[in-house]
Amino acid sequence: MKFLPVSFLILALATAAAFAYDPSPLQDICVATNDLNSGVFVNGKFCKDPKQATADDFLFMGFRNPGNTSNPLGSKVTPAFVDQFPGLNTLGISMARIDFAPGGLNPPHTHPRGTEVLVVVEGTLLVGFVTSDQLNNTLFTKVLYKGDVFVFPIGLIHFQLNIGNTYALAFAGLSSQNPGVITIANAVFGAKPPISADVLTKAFQVDKKVVDYLQAQFWYDNN
């Protein structure tokens, strides 16, 4: 599989950094650690003593292999957020790799704490995002080809669908070390405990049998 020039990924990351949402760091490095006895609490994570940091703290190798798309959605998101990549702590940036089988979908979701910049490396994707009520829930959608870059504004519902007959691959840069993910269907119909059927039947204007059916489904998470 041929990859695009590294400059495209640098562009995505630089753009995300320009829109950084997390607080600015007050130190050079703050590698996240789970060792509470030797760390200092900063920006939501404990930081190891910077004198103990090594180059390995700033290396993430999770993008080397394709994600497993053998699931109901036909896609796999491999995040490089602060939980997976401790060196990102306090830097206000992260990444994700998204693999798509033919017809694979990264379903409608939001990142409550980050803007996303997506670059297509292989394949053809139909992407889009929906604005808030303020702009009448307008859908912005586009077909992306290898080398195209698209931005999803912070907090807005968005999706990616592989409309080609071949495997597709994209990388995303996000303007937060921990942008979060809320998958809409999972959150609404897979909430635990479940949202009251009275709420959902009125909200979606459907019969209770429809709500019962949807709440009974297994809502797969591709992250």
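Residues: numbered from 1 along the sequence shown.
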Crowding at [atom1], [X] (>12 non-hydrogen neighbours, <6.0 Å):
X	atom1	result
Tyr213	OH	no
Asn165	CG	no
Gln134	CD	no

Would you give the length of the straight line joining atom [atom1] of [X] to atom [atom2] of [Y], rounded to the nearest 0.5 angstrom?
X	Y	atom1	atom2	result
Ser175	Arg113	OG	CZ	11.0 Å
Leu73	Phe100	CG	CZ	10.5 Å
Ile157	Phe129	CD1	CZ	12.0 Å
Leu118	Leu125	CG	CG	6.5 Å
Thr166	Glu122	OG1	CD	8.0 Å
His109	Gln160	NE2	CD	5.5 Å

I need the minimum non-hydrogen distance between [X] and [Y], along with the two atoms involved.
X	Y	answer
Ser176	Ser94	O-OG, 2.7 Å
Ile182	Pro112	CD1-CG, 4.2 Å
Val31	Ala53	CG2-CB, 4.3 Å
Phe150	Phe140	CZ-O, 4.5 Å
Ala96	Val77	CB-CG1, 4.2 Å
Phe152	Val127	CZ-CB, 3.9 Å

Salt bridge (Lys or Arg N to Asp or Glu O under 4.0 Å) against [X], all qualifying residues, sequence neighbours excluded:
X	result
Lys202	none
Asp221	none
Asp83	Lys45

Check: [X] side chain, [Y] main-chain N or O, donor-acceptor pair, under 3.5 Å:
X	Y	value
Gln177	Thr90	yes
Trp219	Ala187	no
Asn71	Gly74	yes
Thr131	Thr138	yes
Asn162	Gly104	no
Gln84	Phe81	yes
Gln217	Gly190	no
Thr78	Gly67	no
Thr115	Ile154	yes

Validation row: [X], [Y] side chains within 4.5 angstrom (heavy atoms):
X	Y	answer
Val211	Phe204	no
Met95	Phe63	yes
Ile93	Leu88	yes

Q. Any chance the side chains of Asn222 and Ser75 put a donor and an acceptor closer than 3.5 Å?
A. yes

**Q.** Asp56 side chain to Thr54 side chain, donor-acceptor N/O pair below 3.5 angstrom
**A.** no

Would [X] and [Y] show up in the same hydrophobic cluster when neighbours are defined by side-chain heavy atoms closer than 4.5 Å?
X	Y	value
Leu169	Phe60	yes
Phe159	Ile184	no
Phe171	Val82	no
Leu105	Leu139	yes
Leu144	Leu156	yes

Q: For the pair His158 and His111, name the ring-plane relationship: parallel under 30°, tilted 30 to 60°, perpendicular over 60°.
A: tilted

Q: Check the angle between the aromatic planes of Phe218 and Tyr220 and answer parallel, tilted or perpendicular using the 30° and 60° thresholds.
A: tilted

Q. Below 4.0 angstrom, N of the basic side chain to O of the carboxylate: do Lys142 and Asp148 qualify?
A. no

Q: Only one of Thr33, Asp57, Asn89 passes side chain to side chain donor-acceptor pair (under 3.5 Å) with Lys48; say which it is.
A: Asp57

